[in-house]
Amino acid sequence: KAGVTQTPRYLIKTRGQQVTLSCSPISGHRSVSWYQQTPGQGLQFLFEYFSETQRNKGNFPGRFSGRQFSNSRSEMNVSTLELGDSALYLCASRGWADTQYFGPGTRLTVL
Amino acid sequence: GDSVTQMEGPVTLSEEAFLTINCTYTATGYPSLFWYVQYPGEGLQLLLKATKADDKGSNKGFEATYRKETTSFHLEKGSVQVSDSAVYFCALSDGPGEAAGNKLTFGGGTRVLVKP
């Protein structure tokens with residue numbers, strides 16, 4: 001089985017722009033979660049989607065949003081980028097068991 | 001809310017030394033517990049997991065036992081190699097079942113450096 005894939009792997013944006021990140025889960029997995037990793041805050045949960053519905057949300061401003069498509073692929077969007085949004089964004093998929101499998105991440109740099 | 005506390009690093013060891021990384025948690029209910037490892041420039045890889053009290057997870061020489069009485073899940077390896085140099089994260093989740101809410105709560109990570 002192919003693993004979780006994320007595109008793009010690297011992004012450079014400037015303040016005020018918006019960005020969309022994509023995640024393709026492991027085939028058959030319906031749950032996709034997103035996490036932000038920064039040196040200062042560590043790994044923080046953004047949100048989780050299951051069968052195209054947001055099921056859980058972390059403590060992030062409304063500038064962070066996401067969606068899931070019928071094929072379970074997910075996108076997250078960050079609008080009006082700030083310097084503090086620079087981070088590694090990780091996507092994870094989960095099937096019936098409780099194990100989340102992570103993709104390689106998208107490294108976002110905001111200048 | 002749920003929380004995970006793990007020892008701060010960096011932990012520097014010589015090859016073939018014994019490694020222990022402490023992890024304690026606070027959670028309601030009966031969480032599942034995980035150790036993930038992150039190599040430089042990569043995402044997280046599942047190292048091992050345990051889903052109920054007294055379960056022992058093991059993989060690649062690493063072991064951890066789910067201790068409900070002490071709310072701990074310490075990671076151990078008897079003889080480390082240079083290739084074990086990485087950042088290790090302890091985490092907990094709500095529990096099994098695809099329909100259950102799904103969120104991992106992570107500890108702050110412990111950087112391990114193994115010298116030859």
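The chains referred to below are lettered A, B, ... by the order of the sequence lines, with proteins before strands, and numbering in each begins at 1.
B:Leu33 and B:Met7 fall within the same hydrophobic cluster, defined by Ile, Leu, Val, Met, Phe, Trp and Tyr side-chain heavy atoms under 4.5 Å apart, directly or through other members. Cluster annotation: A:Val4 and A:Trp34 are assigned to distinct hydrophobic clusters (Ile/Leu/Val/Met/Phe/Trp/Tyr, side-chain heavy-atom contacts under 4.5 Å, transitive).
At a 4.5 Å heavy-atom cutoff, the contact between A:Gln37 and chain B is made by side-chain atoms alone. With a threshold of 4.5 angstrom between heavy atoms, A:Phe47 does not approach chain B through any atom at all. Heavy-atom distances place no part of B:Gln45 under 4.5 Å from chain A, backbone and side chain included. Contact annotation for A:Arg9: only side-chain heavy atoms (C-beta onward) come within less than 4.5 Å of a heavy atom of chain B. Both the backbone and the side chain of B:Leu44 have a heavy atom closer than 4.5 Å to some heavy atom of chain A.
For CG of A:Asn59, the number of neighbouring non-hydrogen atoms (other residues, nucleotides, ligands) closer than 6.0 Å is 12 at most. Within a 6.0 Å sphere centred on CD of B:Glu8, heavy atoms belonging to other residues, nucleotides or ligands number 12 at most. Annotation: B:Glu42, atom CD; neighbour count of heavy atoms from other residues, nucleotides and ligands within 6.0 Å is above 12. Within a 6.0 Å radius of CZ in B:Arg111, other residues, nucleotides and ligands contribute 12 heavy atoms or fewer. Within 6.0 Å of CZ on A:Arg63 lie more than 12 heavy atoms contributed by other residues, nucleotides or ligands.
Ranked by heavy-atom pairs shorter than 4.5 Å toward chain B, the options A:Leu90, A:Thr99, A:Leu88, A:Leu43 are led by A:Leu43.
Under the 3.5 Å distance criterion, the side-chain polar atoms of B:Tyr36 are left unmatched by any main-chain donor or acceptor of A:Phe102.
Taken to the nearest 0.5 Å, the OG1 atom of B:Thr105 stands 9.0 Å off from the CZ atom of A:Phe45. Put simply, NZ on B:Lys103 and CD on A:Gln100 are 11.5 Å apart, with the number rounded to the nearest 0.5 Å.
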